[in-house]
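Everything below concerns the one structure shown next.
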Amino acid sequence: QLQLAESGGGLVQAGGSLRLSCTTSGRALNVYSMGWFRQAPGKEREFVACINWNGALLSSALSVKDRFIISRDNAKNTVYLQMNSLKPEDTAVYYCAKSRQYGGTLYRAIEDFDDWGQGTQVTVSS
């Protein structure tokens with residue numbers, strides 16, 4: 001039931017960049033892994049990236065490898081997704097999520113996350 005809040009989405013041209021942010025005032029996130037997912041109309045929600053509790057471990061989907069970077073600032077209780085070299089196929093609603101378990105490891109399955117934000121729209125034009 002914890003509500004995460006994403007921000008930073010918008011409309012950009014192909015090749016451009018955006019930085020998404022995720023935070024909450026309801027709980028300290030510094031003991032959890034955090035993930036980014038995205039969902040395009042008519043498609044299933046898919047994994048984008050994950051970061052463990054202290055940022056020592058990172059993972060990302062092959063589709064965004066070398067373009068997207070996940071990071072976190074636990075002092076600000078915030079997780080980021082830096083998106084570079086954006087492509088039209090990156091167009092989707094992007095969601096932030098908190099791991100169910102303490103974040104010593106990485107996850108990429110939807111069922112491994114229990115709290116989600118409302119999403120922020122990212123649209124990439126060609």
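Note that the coordinates shown come from a computational prediction; the quantities given were computed from them, not determined experimentally.
In this structure, the side chains of Leu20 and Glu6 stay at 4.5 Å or more apart for every pair of heavy atoms. Between Val48 and Leu81, the closest side-chain pair of non-hydrogen atoms falls below 4.5 Å. In this structure, the side chains of Thr24 and Leu29 come closer than 4.5 Å at one or more pairs of heavy atoms. Contact annotation: the side chain of Tyr32 never approaches that of Ile51 to less than 4.5 Å [non-hydrogen atoms, C-beta and beyond]. When side chains are defined from C-beta on, Glu44 does not count as touching Ile110, because their heavy atoms never get closer than 4.5 Å.
Between Phe47 and Tyr107 the shortest heavy-atom distance is CE1-O, 3.5 Å. Across all non-hydrogen atoms, the minimal contact from Ser17 to Ser85 is OG-N, 4.3 Å. In terms of heavy atoms, Ala14 sits closest to Ser126 at CB-CA, 4.3 Å.
Panel note: side chain Ser63, backbone Ala61; no donor-acceptor pair is recorded below 3.5 Å. Side chain of Arg45 to main chain of Gln39: no donor-acceptor pair is present (N/O by atom type, distance under 3.5 Å, no hydrogens or angles).
Other residues, nucleotides and ligands place no more than 12 heavy atoms under 6.0 Å from the CD atom of Gln3. Heavy atoms of other residues, nucleotides or ligands lying less than 6.0 angstrom from CH2 of Trp53 number 12 at most. Heavy-atom neighbours of Gln118 CD from other residues, nucleotides or ligands within 6.0 Å: at or below the threshold of 12. For CD of Gln101, the number of neighbouring non-hydrogen atoms (other residues, nucleotides, ligands) closer than 6.0 Å is 12 at most.
Taking the six-membered ring where the residue is Trp, the centroids of Tyr95 and Phe37 are separated by 6.0 Å or more. Residues Trp36 and Phe68 place their aromatic rings such that the two centres sit no closer than 6.0 Å.
For the pairing with Val12, the side chain to side chain contact (heavy atoms under 4.5 Å, CB included) check across Thr91, Thr123, Asp90, Leu86 returns one residue only, Leu86.
Cluster annotation: Val93 and Leu11 are assigned to distinct hydrophobic clusters (Ile/Leu/Val/Met/Phe/Trp/Tyr, side-chain heavy-atom contacts under 4.5 Å, transitive). Taken together through direct or relayed side-chain contacts under 4.5 Å among Ile, Leu, Val, Met, Phe, Trp and Tyr, Met83 and Val64 form part of one hydrophobic cluster.
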Would you please test Val124 and Gln13 for side chain to side chain contact (heavy atoms under 4.5 Å, CB included) and show each step?
CA-CA 5 Å; Val124 184; Gln13 292 186 328; over 6 Å; no

Walk me through whether Arg38 and Tyr94 qualify under side-chain hydrogen bond (donor to acceptor under 3.5 Å, both in side chains).
CA-CA 4 Å; Arg38 66 187 183 185; Tyr94 283 71; 2.9 Å; yes

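Atoms CD1 and CG, on Ile70 and Leu58 in that order, are 7.0 Å from each other to the nearest 0.5 Å. Rounding to the nearest 0.5 Å gives a distance of 8.5 Å between CG of Leu4 and OG1 of Thr23. Separating the OG atom in Ser99 from the CG atom in Asp112 is a distance of 8.5 Å, to the nearest 0.5 Å. Note that the CZ atom of Arg108 and the SG atom of Cys50 stand 9.0 Å from one another [nearest 0.5 Å]. For the atom pair CG (Asn74) and CE (Met34), the distance works out to 9.5 Å, reported to the nearest 0.5 Å. Distance CG/Asn84 to CG/Asp66: 11.0 Å, rounded to 0.5 Å.
Between the side chains of Ser33 and Asn52, no donor-acceptor pair is found at a separation under 3.5 Å.
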